[in-house]
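Written below as structure tokens is the structure these notes are about.
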Amino acid sequence: MAELRFDGRVAIVTGAGHGLGRSHALELAARGAKVVVNDVGAAADGSRGDEPAPAESVAEEIRARGGSALADDADVATEDGAGSLVDAALDAYGRVDVVVNNAGILRDRSFKNITAADWDAVIGVHLRGTFLVTRAVFGHLRENGYGRIVNTTSPSGLFGNFGQSNSAAAKMGVIGLTKTLALEGAAYDITANAIAPVAYTRLTEDLFPPGARELLSPERVSPLVAWLAHEDCETTGETYSVGGGRVARVFVAEGPGAVLADGSAEALRDTWPDVNAERPYVIPRNLGEQIEAHFQGLT
Ligand SMILES: NC(=O)c1ccc[n+]([C@@H]2O[C@H](COP(=O)([O-])OP(=O)(O)OC[C@H]3O[C@@H](n4cnc5c(N)ncnc54)[C@H](O)[C@@H]3O)[C@@H](O)[C@H]2O)c1
């Protein structure tokens, strides 16, 4: 089995001081990538404590294993931070090939209790941070005619979860961003995909039963990141749930629908089961394909 290598490639991994990001950074570095290990050193809720820079300790770990890494402590939720991260990567290594947008925080609150600050903080890191870092590097990727973008969504975003309106909204936003990046990057060999991980980290340690730690280790998610980030992988615009070694494609589909007899609300009531039917479905890859499916359904 030919090994997937990243020799000569440069990867940025955000939020790589802990958990999944650390694991992705180690995986890519072990396969020969030069890795920019970004992490602002936030607590799980996004607050800044007095933790010594976690990015540096992961970069040091990579170097100790014979790899090449640069630590960066920028805040990806700010325009200056995202810009300085990309500048640091280009200054140190002269190019960027892979961007893994992974940084994230949690402020779980029931919707009744959520504050605008809880909303803004989570949207700021997950959605705005993904946008800002990708925008800062996108021109460079286009010029190089190559790029692999791996974004991080979540099962709570894809399927909803009590108490997670802020992160669910952010993570579904990441899906829309990823699909559009895939379309706009296609002419430049830039792919964009999203992963929805399940892993035992400090964000989730209270959720899982004892014993889940090994099964759901971040190391069982990172091989998907390595594959999506590799030049041999041409898949784009897709989303995969991943954890414990299982990987599954998740897609947005449209059912067959129904055409209303007379366009009235009563006709809609009477055809409601058909409107809600799930099969046969189509999976439009862009707005044009959805419109085409819609008009086909009308005829
Ligand atoms: N662990 C899971 O099961 C799970 C499930 C769904 C989604 N996710 C997503 O995976 C990603 C990683 O989560 P994790 O579980 O490894 O969490 P984690 O807390 O272990 O790691 C997240 C890292 O992001 C860093 N970070 C936070 N804000 C930042 C900012 N503004 N700029 C730069 N770095 C910042 C933190 O310092 C931390 O090191 C997140 O996007 C999270 O939403 C994780």
Side-chain angles (χ1 to χ4, degrees), residues 12-26 36-59 71-86 88 99-108 120-133 136 150-161 164 166-175 178 194-208 212-213 215-222 224-225 239-244 246 250:
I12 291 175
V13 184
T14 71
H18 294 107
L20 285 158
R22 170 181 168 275
S23 172
H24 304 336
L26 291 171
V36 181
V37 178
N38 159 268
D39 203 295
V40 79
D45 69 356
S47 58
R48 306 288 152 75
D50 49 7
E51 186 189 17
E56 183 50 46
S57 78
V58 173
D72 176 275
D73 64 1
D75 178 350
V76 298
T78 68
E79 203 166 354
D80 287 351
S84 74
L85 164 59
V86 173
V99 182
V100 182
N101 286 302
N102 163 82
I105 62 171
L106 277 185
R107 300 255 184 114
D108 291 0
D120 290 345
V122 169
I123 299 279
V125 179
H126 293 270
L127 184 54
R128 192 161 191 268
T130 300
F131 156 69
L132 288 173
V133 172
V150 183
N151 293 332
T152 309
T153 182
S154 76
S156 70
L158 292 168
F159 305 112
N161 194 28
Q164 294 202 301
N166 47 3
S167 60
K171 294 302 202 184
M172 208 57 183
V174 166
I175 299 288
T178 303
I195 67 163
V198 180
Y200 189 99
T201 69
R202 65 180 190 166
L203 287 192
T204 55
E205 59 192 356
D206 299 337
L207 298 178
F208 298 126
R213 190 177 197 134
L215 174 67
L216 296 180
S217 73
E219 288 71 28
R220 291 186 155 189
V221 171
S222 299
L224 174 63
V225 172
T239 300
Y240 299 91
S241 69
V242 54
R246 174 180 178 269
V250 178

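All figures in this text were calculated on a predicted structure; none of them were measured in a lab. Numbering of ligands and ligand atoms starts at 1, following listing order.
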Heavy atom of [X], distance to ligand 1 below 4.0 Å:
{"X": "Thr14", "result": "no"}
{"X": "Ser167", "result": "no"}
{"X": "Ala44", "result": "no"}
{"X": "Leu216", "result": "no"}
{"X": "Gly41", "result": "yes"}
{"X": "Arg22", "result": "no"}
{"X": "Gly46", "result": "no"}

Identify, for [atom], the protein heavy atom at the shortest distance, and state residue, atom and that distance.
{"atom": "atom 24 (O) of ligand 1", "answer": "Gly15 CA, 3.4 Å"}
{"atom": "atom 44 (C) of ligand 1", "answer": "Leu20 CD1, 3.7 Å"}
{"atom": "atom 41 (O) of ligand 1", "answer": "Asn102 O, 2.8 Å"}
{"atom": "atom 29 (C) of ligand 1", "answer": "Val40 CG1, 3.5 Å"}
{"atom": "atom 20 (O) of ligand 1", "answer": "His18 CB, 3.4 Å"}
{"atom": "atom 32 (N) of ligand 1", "answer": "Val76 N, 3.1 Å"}
{"atom": "atom 8 (N) of ligand 1", "answer": "Pro197 CG, 3.7 Å"}
{"atom": "atom 22 (C) of ligand 1", "answer": "Gly104 O, 3.7 Å"}

*asked:* Checking contacts here: is it the side chain or the backbone of Asp75 that comes within 4.0 Å of ligand 1, counting heavy atoms only? Could be both or neither.
replied: both

*Is Ala16 touching ligand 1 with its side chain, its backbone, both, or neither, if touching means heavy atoms under 4.0 Å apart?*
neither

*Answer yes if the side chains of Thr178 and Asn151 hold a donor-acceptor pair under 3.5 Å, and no otherwise.*
yes

*If we only count heavy atoms from C-beta on, is the His18 to Thr201 side-chain gap below 4.5 Å?*
no

_Would you say that Ser241 contacts Arg246 through its side chain, given a criterion of any heavy-atom pair below 4.5 Å between the two side chains?_
yes

What I want to know is whether [X] and ligand 1 share at least one N or O pair that is separated by under 3.5 angstrom.
{"X": "Arg48", "value": "no"}
{"X": "Ala42", "value": "yes"}
{"X": "Ser154", "value": "no"}
{"X": "Asp39", "value": "yes"}
{"X": "Ala199", "value": "yes"}

*Ser217: side chain to side chain contact (heavy atoms under 4.5 Å, CB included) partners, not counting sequence neighbours*: Glu219, Arg220

*Ser167: what forms a side chain to side chain contact (heavy atoms under 4.5 Å, CB included) with it, not counting sequence neighbours?*
Leu106, Val122, Ser156, Gln164

_Asn38/Val76 under side chain to side chain contact (heavy atoms under 4.5 Å, CB included): CA gap, chis, key distance, verdict_ = CA-CA 9 Å; Asn38 159 268; Val76 298; 3.5 Å; yes

*More than 12 heavy atoms of other groups within 6.0 Å of Arg213 CZ*: no

*Can you tell me if Thr78 uses its side chain to pair, donor with acceptor, with the backbone of Gly81 under 3.5 Å?*
yes

*Test log, rule side chain to side chain contact (heavy atoms under 4.5 Å, CB included), inputs Thr239 and Ile175*: CA-CA 8 Å; Thr239 300; Ile175 299 288; 3.3 Å; yes

